[in-house]
Amino acid sequence: MISMSPVRPGTGVRYLFRGVMVGDGHRRAGTSLRAAQDEAGVPPGVWKGRGLAALGLKAGDVVSERQAELLLGEGRHPDADRIERELLAQGESPARARRATVLGRPIEHNQSAETDKAKERTPWLAFDLVFRPPPTAHIAWALMDDEHRVVLELCDGIARDKTLAWLEESVAEIRSKAGGKQRARVKDGLIVAVFRHYESRATESRPLLHSHAVVSIRARRPHDGKWGNLSADSLMTHIVAADTLYTLLFMEEVTARLGWAWEPREVTPGRRPVMDIAGIDRRLIGWQSTRRQQIEDALPGITAQYEERQGHAPGEKAGYALACQAADQTRPPKRTELLSLTELRTRWRTSAIRAFGACTVYRLAERARAAAAAVWARVRPVVDVALAAVDVVAVVYVMRGAFGRHHLLAEARRHLSYVLRGRRHEPGLDEQIVQTVLDDHTRSVGHGRRVTADLRALYPRDTEDQAVLRPLTRRRTATQYERARIAADALAARVHAARRAERLGSRPRPHAVAVPATSRSRPRPRPFRDGGKDGRALEQETGVDTVERTRQTLEAAAAQVAATLQDSRRAREAAHNLRPQPTPAAVPPPHTQQPGTQHMAGRTTGGVT
């Protein structure tokens, strides 16, 4: 998953340098950044993003402390010291030399008395995006051998970098004009400093492979190349879609390199399931997620205070806010003990063996491979775009009512994660599902970019196109996600029924055998129709030869059926030592067509040839 928080001057910058850049450990005063990272056992940060070229940096370069102070702490060029010295040597004033190193508007502008609502505006310097794989990936990474550890770290890095590339190509926008009313794509790309961490902040150290991607708010405008600020709301709007993309990509990388499969696990009854590596012992999930248990222990007290204050139980949004409050209240202080990754892995393995036994720990990879074989035996990883579209629109409509394109994109990626279980999806398949939803199952709402479900393509005769889903939005006896799944199943059944009817309608029917009537009083038989849209009649077959061939064919089929039944009866009598009964006189089967008889749907007409 991905979480997002701003980096602001003051406390935000201090947390960045004292916590994020040194692995959430304790950095002693006067310790250099590289020495603090070595003591904490975390690798140094590296630069990422296509926007580095404008600053003279390259992807993969190590993030120095001075570069981070200038770019992420002050919004200046990372090589501002050299630029300022050169300008001073050329005779520029100190103020002009410093201003030349500022990228865009100085942060002091927002804090000046001349700025409108200066007290209410706190400038952002960066966005801290935290990438965390699914829980079972932490367990496999911490308790398996070094080969699996390296592969899982590689999968995390590839999924993270691809997600950042999607953000800078499809999401990132830069503001311009007064109040940032105009938005445009960035000229080059994003500037990101990535720091990898290995453990959680729980009281007892637990494995938590995650990365902090600190995205600088500075970027260049496309029309003039000048520096400005990224749009924060654009990134925040698409953070869930980025989260689902990162999870989907991580699952695919793990499956491609290790052959493991994924299966859904319900964490909270009635809520969305999470995808876990198949075969990982569920008891290890509780061992790894000690912070979750701390939050769950503190949540009842906070919920009781809310009910006493408000007079009713919290809803889903209020419940999420209370959970965040419980997480803040139970957050432990930063650890002071510094251990290397090798020491941490030894401690984690010892703790897990003591709790669940050596067999549980040492056979993790073997059980994951066996569980993957079982998953692939019963799951067919095939994506049906039409079914995926109705699943996505049903879930998003019941959960939100009116929604935007980014909501559909996030749900489409969740659908791919569940259906494919780690198999790779075709590039652009998520966008194709979203476009199918927008084209076939939505209509605009109001004057904004919001849309809502439109099911007239599936229910063309309904006077109200939302009749099948609207009752689910008002039902309160089940959670929102349970109602969404009910709606998705209903629409999927409708699609299956429509396809079945289409197949039956397009199936060719047998040609009718029409025999001319001897009397004009008998009605002339009507020809069969093939059920196609054009409704063209099939040619009528007439003639004595045709009737005779049909009679012989039916009599031969009837004789073969009678012989088969006779053989079966004799075998049954021999098995039970029954006395043979006299064979009755042969009677033609009721379905055998006699000469001069015409079979049609619903009636039989006699005739003489």
Side-chain angles (χ1 to χ4, degrees), residues 1-4 46 48-50 59-60 127 129-141 148-172 189-190 192 194-197 208-213 215 235 238-265 272-278 280 368 372 375-376 379 381-383 388 392 405-434:
M1 61 174 294
I2 302 178
S3 60
M4 177 178 174
V46 294
K48 299 283 184 180
R50 296 201 315 244
F127 312 98
L129 304 179
V130 183
F131 293 78
R132 290 189 293 272
T136 46
H138 308 310
I139 297 170
W141 168 81
H148 288 89
R149 175 187 65 82
V150 172
V151 172
L152 289 171
E153 290 178 0
L154 176 64
C155 296
D156 169 65
I158 293 175
R160 179 199 62 220
D161 293 346
K162 287 184 177 180
T163 305
L164 289 173
W166 175 76
L167 285 174
E168 68 179 355
E169 291 174 3
S170 304
V171 175
L190 301 179
V192 189
V194 178
F195 304 92
R196 171 165 283 172
H197 296 177
L208 184 64
L209 176 66
H210 62 287
S211 301
H212 288 259
V215 182
L235 289 178
H238 291 83
I239 195 64
V240 179
D243 175 12
T244 53
L245 176 62
Y246 166 74
T247 303
L248 176 63
L249 295 174
F250 180 80
M251 291 169 54
E252 293 178 354
E253 295 296 330
V254 170
T255 300
R257 286 171 168 76
L258 297 175
W260 296 346
W262 298 77
E263 58 184 0
R265 175 175 63 91
R272 292 182 185 274
V274 299
M275 300 304 292
D276 284 337
I277 299 173
I280 300 296
V375 170
W376 301 131
V379 176
V382 176
V383 178
V392 168
R405 192 178 188 279
H406 56 282
H407 298 121
L408 297 174
L409 189 58
E411 193 60 37
R413 290 166 176 171
R414 291 192 188 101
H415 179 85
L416 293 176
S417 299
Y418 177 77
V419 172
L420 297 179
R421 305 296 178 93
R423 297 294 193 192
R424 292 195 184 277
H425 70 283
E426 294 293 331
L429 184 57
D430 50 353
E431 299 282 354
Q432 182 182 353
I433 295 173
V434 171

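The backbone N or O of Ile277 sits less than 3.5 Å from a side-chain atom of Thr136, completing a donor-acceptor pair. Within the 3.5 Å criterion, the main-chain N or O of Ala278 finds no donor-acceptor partner in the side chain of Glu263. Side-chain N or O atoms of His238 include none that pairs as donor or acceptor with a backbone N or O of His406 at under 3.5 Å. Not one N or O on the side chain of Thr247 forms a donor-acceptor pair closer than 3.5 Å with the backbone of Thr244.
When all heavy atoms of Asp430 and Ala412 are compared, the closest pair comes out as O-CB, 4.0 Å. Between Leu208 and Arg132 the shortest heavy-atom distance is CD1-CD, 4.0 Å. In terms of heavy-atom proximity, Gly49 sits nearest to Glu168 at CA-OE1, 4.1 Å. The shortest heavy-atom contact between Val419 and Val379 is O-CG1, 4.2 Å. Taking all atoms of both residues into account, the shortest heavy-atom contact from Arg421 to Trp376 is O-CH2, 3.3 Å.
Between Lys162 and Glu252 there is no salt bridge, since none of the side-chain N atoms of the basic residue sits less than 4.0 Å from a carboxylate O of the acidic one. Between Glu411 and Arg272 there is a salt bridge, with a side-chain nitrogen of the basic residue lying less than 4.0 Å from a carboxylate oxygen of the acidic one. A salt bridge links Arg405 with Glu431; the closest basic N to acidic carboxylate O contact falls under 4.0 Å.
A search for side chain to side chain contact (heavy atoms under 4.5 Å, CB included) contacts involving Ser211 returns Asp156, Arg160, Val194, Arg196, not counting sequence neighbours.
Separating the NE2 atom in His212 from the NE2 atom in His197 is a distance of 4.5 Å, to the nearest 0.5 Å.
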